[in-house]
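Letters A, B, ... mirror the listed sequences (proteins, then strands); counts begin at 1. It should be emphasised that the depicted structure is a prediction, and the values quoted were computed from it without experimental measurement.
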Amino acid sequence: MKRRPQLLVIDDGLTYARVVAQRMPEFELVQAGEPADAPRLPDGMAALAFLEGHAREVDVILLDMHFDVPEDRLLPLDGSTSLRHRKRFQGIAIHRELRRRHPELPVVLLTAVRDLSLVDAGRELAAQSMTYFLDSDDLDALRIRINAALQESAAAVEESGVLWGSNAAMRTLRRRLAVVSRGRVPVILEGETGTGKSFLAEHFIHANSGRRGPFVTLDLSAVPQDLVAAHLFGAVRGAYTGAVTDRKGVFEMADGGTLFMDEVQNIPLDVQKQLLLVLQDRRVRPLGSTRELEVDVKVIAASNRPLAQAVTEGRFRRDLYMRLSPATLVEIPPLRQRPEDLPLLARRLATQAGAEPGNAELKEQVAEAASLPAGCPLSLAIGKEPATTDALWLQLPQPAWEQLAAHAWPGNVRELAMVMHNLVTFTLVGAVDALREGYPIRSNRLQVDPGLVGTLLAGYAALPSEAGDGAEPADDGSYRLFVRPAETLNAVSNEVERQYMTALFRQTGGDFAAMAEHLLGDSDKARAVRLRFNQLGLKVRELR
Amino acid sequence: MSTDPKEELLEALFDLAHDLGKYLRLPLAWLPAEATEAEVREALERALLRTREGAARALWDRFREETGGGAEGLDSFPALAAAVAQALSWEDRLAGPIDRAAALHDLSAVGDAIRTAIEELSHET
């Protein structure tokens, strides 16, 4: 029998639990709390305690807003001046804690968004991922919200082989990519190294483009400048020194399909002009040839730096940028900006790592010793999460998880994949070695060495993130800075200052008077700012 | 505890929205489309006579008493009082045939009227 979606109701009253139990047979209430025929947990404390060990059993949470419970059962709520207020908006406090501890769990708030419009938290909640409001108190509205939450949750996990996660920016990205993928419209993909640009280009954009031709990649950071034109457009024998045979260009190779140009900002300016003509005319002429070929290619141009900035700096042609269509520009957020996705990604990447050659053989040896069936999956349990009996579990201690969560991930998902791969390998190797030394494996849970995560991350600690040389301002004008531990406080503060100064430099277009106005409230102090800029080791020519 | 009468009134209106506005509406709103007449009658009875905090009429009276007529100074009060009176008038019709849509409309209107009063007072405070 197919498992029905499991709903956990957090409500001081019985109304919602009863309505689900009596009127919605397609869902099942999680057996938590009372009464037995319509179980629900009556307050946030009970709910958080229950979820500590049972989060995986829950598909969607239904959360009431007003909790008329004793004061000692209320979670604290910032800015609450009265007990009445804390009770009235207790759902907000519970929701915050749920988001912090279980970001992947969808929550349907049993209140209308308009009923929170008078408190700031209403806006905060409305912007949250995996959070839904019940804007109408009727069965269909509740059913629709629960199903939307279930679908979003399922889609959030994986679609077209892409791990989207639950981050709001990633959800927007998915919707946007679904639109720009269609047909031949060019797409600009921007995102730091390791955010998965090439994977998205092939497995989502090309896959959903409806184009039957091949997917061809050209990494322009790996092509010598004087050979870029030949790689792009092709060349006939003798067209340049070393051209001993005819060479097909990537446009010709991708005819009828998709061409992914990675690190497109590396194309020399003179070649950019030729590329523009190819995009306009859909005809390409190989170097040294007199014949032109008609090509039908969807172009995806990727860059790990904002192309618009390269245009401003004169390193990228404005007309080419416009032809590539900034209207279809899609930004992939770095991993550090989607911390809610970390548990999901870590689990999925650990499972994938367990199935990879090398690790898979080790896993089978351990699984056999633990009396698990051949081919069982490897799963990651974080903290005290319980393990099921159908998988080999790597039990990651909570402090180790917190180390992972605190890491800035300068190499983004690629770095996380490497760390998870190594974590799986090291743990399996340790288990196999123990077996060889005669130590039996009595359970299907392997404890990850508490110090392993620190060791694995140490190699990345010195690597600056691509945003580390200049934070981006948020909508509210604040800056988000990413600073790793350093040997001295002075080094930490210098790094903060360096990032802030870089961000301001970019924001003001390198106007030191404007920076001085911003920093010191006095544009006449540009000289002092410039001096400090230099002291921090920043270089104008590198930032322009 | 706030001593500002407007703040006190606002707090009382918020409570009224939850205790009366919400629970007047819910029993009928949750009924499936195919509910029998007996189920509709039972839901209406529950809405009017057995909210979480007691009978709807008693809740309204308690609100008037606690706020000491403070709400009457609001421009939106006459509409609120009329909405409550209209909703409570269904008490007299419990024994007869019930127009479910009309009852739901009248009971829902109370929550809307309370919200309007909250908004008016919020702009003042």
*Asks:* Is it the case that atom CD in A/Glu26 sees more than 12 heavy atoms from other parts of the structure closer than 6.0 Å?
*Replies:*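 Yes, because the 6.0 Å sphere around CD of A/Glu26 holds more than 12 heavy atoms from other groups.
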*Asks:* Would you give the length of the straight line joining atom CZ of B/Phe14 to atom NE2 of A/His85, rounded to the nearest 0.5 angstrom?
*Replies:*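 So the CZ of B/Phe14 and the NE2 of A/His85 are separated by 7.5 Å.
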*Asks:* For B/Glu11, does its backbone N or O pair with a side-chain atom of A/Arg88 as donor and acceptor, under 3.5 Å?
*Replies:*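 Yes, the answer is positive, given that a donor and an acceptor are paired below the 3.5 Å cut-off.
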*Asks:* Give a yes or no on this: more than 12 heavy atoms of other residues, nucleotides or ligands lie within 6.0 Å of atom CD of A/Gln22.
*Replies:*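 Counting other residues, nucleotides and ligands, CD of A/Gln22 exceeds 12 neighbours.
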*Asks:* For B/Glu53 and A/Asp68, run side chain to side chain contact (heavy atoms under 4.5 Å, CB included): C-alpha distance rounded to whole Å, both residues' side-chain angles, the deciding distance at 0.1 Å, then the answer.
*Replies:* CA-CA 11 Å; B/Glu53 303 292 324; A/Asp68 197 4; 4.0 Å; yes
*Asks:* Heavy-atom distances under 4.5 Å only: say whether A/Leu142 touches chain B with side chain, backbone, both or neither.
*Replies:*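 Just the side chain, heavy atoms under 4.5 Å.
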*Asks:* Using the six-membered ring wherever Trp is involved, compare the ring planes of B/Trp30 and A/Tyr16 and label them parallel, tilted or perpendicular (cut-offs 30° and 60°).
*Replies:*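 The arrangement is perpendicular - the two ring planes meet at more than 60°.
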*Asks:* Would you mind checking which part of A/Asp12 comes under 4.5 Å of any heavy atom in chain B, side chain (CB onward), backbone (N, CA, C, O), both or neither?
*Replies:*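 For A/Asp12, backbone and side chain are both near chain B.
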*Asks:* Measuring from B/Asp15:CG to A/His66:NE2, what's the distance to the nearest 0.5 Å?
*Replies:*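 Reported to 0.5 Å precision, the distance equals 6.0 Å.
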*Asks:* Side chain, backbone, both or neither: which part of B/Leu31 has a heavy atom under 4.5 Å from chain A?
*Replies:*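 Its backbone and side chain both get close to chain A.
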*Asks:* Take B/His18 and A/Met65, measure what side chain to side chain contact (heavy atoms under 4.5 Å, CB included) needs, and give me the verdict at the end.
*Replies:* CA-CA 10 Å; B/His18 180 258; A/Met65 182 54 59; over 6 Å; no
*Asks:* Show the nearest heavy-atom pair for residues B/Lys22 and A/Leu110, with the distance to one decimal.
*Replies:*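 So the minimum-distance heavy-atom pair works out to NZ-O, 3.9 Å.
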